[in-house]
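Here is the structure we will look at.
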Amino acid sequence: MYESAIARQTQLALVLAAVLMAPAAQARITEIQITTTESPTFGGFSWPGVGQYEKIVGKAFGEVNPHDRQNRDIVDIEFAPRNARGNVEYSFNFYILKPIDLRKGAGKMMYEPPNRGGKTWTALGRVSGGGDDPGSIIDPAVLANAFLMPRGYTIAWSGWEDLGTLDTFNASANFPIAKVPPTAANPTGTITGPSYEYIVMGAAAASAALSYAAATLDKAQATLTHRVHLNDAPQIIPASGWNYNAAGTAISLVGGNFLANDIYEFAYTAKDPKVNGLGFAAVRDWMEFLRYERRDEHDHPNPLAGHIKRVYTEISSQPGRLLNDFRHLGFNETESGRKAFDGHMQWIAAGNGINMNYRFSQSGRTERNRQNHLFIEGRFPFASVTTHDPITRKTDSRYASCEKTRTCPLGMEIYSANEYWVKSASLLHTTPDGTRDLPDSQYTRNYFMSSMRHGTAATPAGTPVGTPPGRGLCQQADNPLNSAPVQRALFIALDEWANKGREPPRSRVPKLRDGTLVPPLAQSGMGFPNIPGVTYTGLKTTRYHFDYGLNFYETGIATVNPPLVPFTTPSYQDDARNGPIYPSFVPKTDGDGNDIAGVRLPDVTVPLATYTGWALRRGAQASDGCEASGQFIPFAKTEADRGSDPRPSVAARYPTFAAYHGKLRGALEQMVSDRLLLCEDAGFEEARLMQAGITRGVPAPEGGVLPAVELLKACSERERHHGHHDRDDHDDD
């Protein structure tokens, strides 16, 4: 069923002939269609010095030359449909918020590639509500406290992956990507190949959709397996136990449902791959249009023409992995040879790429402790500096391509403890052989948010302030730590680095050389306390180098999928029988179970609980990884309540409110001094943590009244009166 080498050579020969006959054409955004303009938006709210904002929503159309050096690495682009100019077309939705009077704007843009179709900017933006239509936020109290609009930033979103749906406000939901059709470019007919599905249902379900239609409904050409735990041997479900639907786009079990949270894996032959790597070009071309072009080919004006001098990203999780590959593949160089982005602020992406620029790719997949291990995501190079891979014998870095063209963006790599336990994040700052720490890149800094989970856990709606999140499928309550104040401070530092050359705060990561970065040791060696009712197993995702068949790492085309690994051994973790291993490590903890190294939030520096970036499941899948979740394990309030818990109680740590508040104030002042907390966030953080202390057992202050919150002494006049003073009026360099 797979293409032969001769067939592929024939296809490439036909494509080359087409190139010689086709006229050369530059790739670009060819047309924008504005479908909605709301001016003013945000209910007419106006920010001092900046004024009101407007909302612009629409659809953009673009095309790329498949033979340009910047596009040739897009897998299967040579087989995609062409227009009369010989180019491959795409389109996407976009959503823009901008000052009505651009003269009052900062000349800067925050661009966010949506995360699975959603806008996740609210934490950085210090706003709430709005969903996928942020302009619908009208609460004056929320808007007055916003982070980006008072600074005059334009904010933009655009589609980059095909989610198969259409929604007016969902910027990424409609991104038509060319399928490879059975045309003259494919003399063997429809392109087929091995595909793989990892199926875990949150609730029992009758059927499971496939990412690509099956090339044949012959069930003998496919394999379905089932297991409960990750380390269980997969059990084959016989062909008589499952069926395709008529279109070959879904499977169902005979006489039952897919069981909730159990693991099913399906290997089959698929057809009609999509050219998903076009998403990289779409982001690049959209940035070039908004920054450098005045009009499209139909004389429609660029709504930001001549205004944008700097572009920074804000991402959460999946789009950060998109941008990791974006940089590595050289897409930060536009078709005109200029920078697409000046800086990337990456939150919880760490050292992984995305399953996108491959045949039969699935960009929505993400590997964690228990899921999606066999989709290519964590592949060399992992780091932003040049390293040598002892497995593939290659030498590379994320920034190798842009260094050659002098188009590298600056980068703030911010990630949680969860990325160490479930994403092998240590490979971002250690050598691939696991023997030593790496220096910083001249372009990036790394910031480990100590003891955090993947993102911030949601607290159930309607619960009192300070109530910890629920536990869901996990054994303990989820981790409530919130990195947003640090992200805002580092966003300002990124801007100052790009605009003024001011060095950002130093990297803060655990290290091999000082013993704060270690293998997942036994509990006693790890330093993690033996807390009653809390299980520690040291479960960690292993970064294997997988075999997807001949030349996969050069072509992006698998001939074996899932890859050649047995996964029937007694253990998934660090088992060389599953393939070559890139050693990875985790942060060591103190006696409370909190991580020693990294950026320690005041919640961790002056703790009321143990916070972990990892968690374990309960129920039928007990002690398997609980994926993105962490743990919140509070200290006993008093020594009498403590029992056999080795951690001192809150009362023993903080005998008076003054003792607690003094330590808290010192921690906040240090963060401001280190440029890891803005003065405008310090007061809220102080008030929040004072109340948290009272709730968790710190003695109330005299009279029962919390002291007035004051701006910290380290705060500068400029930080207190940010407004539009962050505007940058000089030309782009």
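Quick caveat, the model's predicted, so the values are computed rather than measured.
Between Tyr447 and Pro504, the closest side-chain pair of non-hydrogen atoms falls below 4.5 Å. Between Asn352 and Arg543 the shortest side-chain heavy-atom distance falls below 4.5 Å. You'll find the side chain of Arg28 reaches within 4.5 Å of the side chain of Glu297, heavy atoms only. With a 4.5 Å cut-off on side-chain heavy atoms, Pro510 and Phe448 count as touching. Side-chain contact between Glu314 and Leu148: absent, with no pair of heavy atoms (C-beta onward) separated by less than 4.5 Å.
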Criterion side chain to side chain contact (heavy atoms under 4.5 Å, CB included) on Leu278 and Ile77, from CA distance to verdict: CA-CA 8 Å; Leu278 276 171; Ile77 195 168; 4.3 Å; yes

Given the rule in the salt bridge (Lys or Arg N to Asp or Glu O under 4.0 Å) test, do Glu333 and Lys404 qualify, once you have shown the distances and angles that lead to the verdict? CA-CA 10 Å; Glu333 179 193 7; Lys404 294 175 183 176; over 6 Å; no

How far apart are the C-alpha atoms of Glu54 and Lys98, what are their side-chain angles, what is the distance that settles it, and do they pass the salt bridge (Lys or Arg N to Asp or Glu O under 4.0 Å) test? CA-CA 6 Å; Glu54 62 185 355; Lys98 59 176 280 292; 2.5 Å; yes

I'd like to know whether Val385 forms a side chain to side chain contact (heavy atoms under 4.5 Å, CB included) with Ser397, so could you lay out the CA-CA distance, the side-chain angles of the two residues, the decisive distance to 0.1 Å, and finally the verdict. CA-CA 5 Å; Val385 295; Ser397 85; 5.5 Å; no

Evaluate Asp389 against Arg379 for salt bridge (Lys or Arg N to Asp or Glu O under 4.0 Å), listing each step before the verdict. CA-CA 10 Å; Asp389 179 2; Arg379 60 173 290 184; over 6 Å; no

Apply salt bridge (Lys or Arg N to Asp or Glu O under 4.0 Å) to residues Arg488 and Glu680 and explain how you reach the verdict. CA-CA 10 Å; Arg488 286 190 285 272; Glu680 63 198 63; 5.9 Å; no

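Classification of Glu161 and Arg365 as a salt-bridged pair fails, no side-chain N sitting under 4.0 Å from a carboxylate O. The pair Asp133-Lys55 counts as a salt bridge, with a side-chain nitrogen and a carboxylate oxygen less than 4.0 angstrom apart. A salt bridge is absent between Arg675 and Glu503: the closest approach of a Lys/Arg side-chain nitrogen to an acidic carboxylate oxygen does not fall below 4.0 angstrom.
Checked against the 6.0 Å centroid threshold, Phe42 and Trp47 count as a close aromatic pair. Two rings, from Tyr582 and Phe380, have their centers 6.0 Å or more apart. Taking the six-membered ring for Trp and the full ring otherwise, Trp286 and Phe92 have centroids separated by under 6.0 Å. A distance of 6.0 Å or more separates the ring centres of Phe289 and Phe94. Separation of the Tyr415 and Tyr420 ring centroids falls under the 6.0 Å cut-off. Separation of the Phe552 and Tyr358 ring centroids falls under the 6.0 Å cut-off.
Nearest heavy atoms, Lys119 versus Glu112: CA-OE1, 3.4 Å. The shortest non-hydrogen separation linking Gly58 to Thr35 is CA-OG1, 3.6 Å. For the residue pair Glu38 and Gly135, the shortest heavy atom distance occurs at OE1-O, 4.1 Å.
Under a 3.5 Å cut-off, the side chain of Thr541 and the backbone N or O of Lys423 do not form any donor-acceptor pair.
Classification of the Tyr312-Tyr153 ring pair by plane angle, with boundaries at 30° and 60°, yields tilted.
A cation-pi contact links Arg338 to Tyr292, judged by a cut-off of 6.0 Å to the six-membered ring centre and 45° from its axis.
Side chains of Thr334 and Ser336: a donor on one and an acceptor on the other come within 3.5 Å. Checked by atom type, the side-chain pair Asn276/Ser361 shows a donor-acceptor distance below 3.5 Å. Side chains of Asn87 and Asn83: no donor on one and acceptor on the other come within 3.5 Å.
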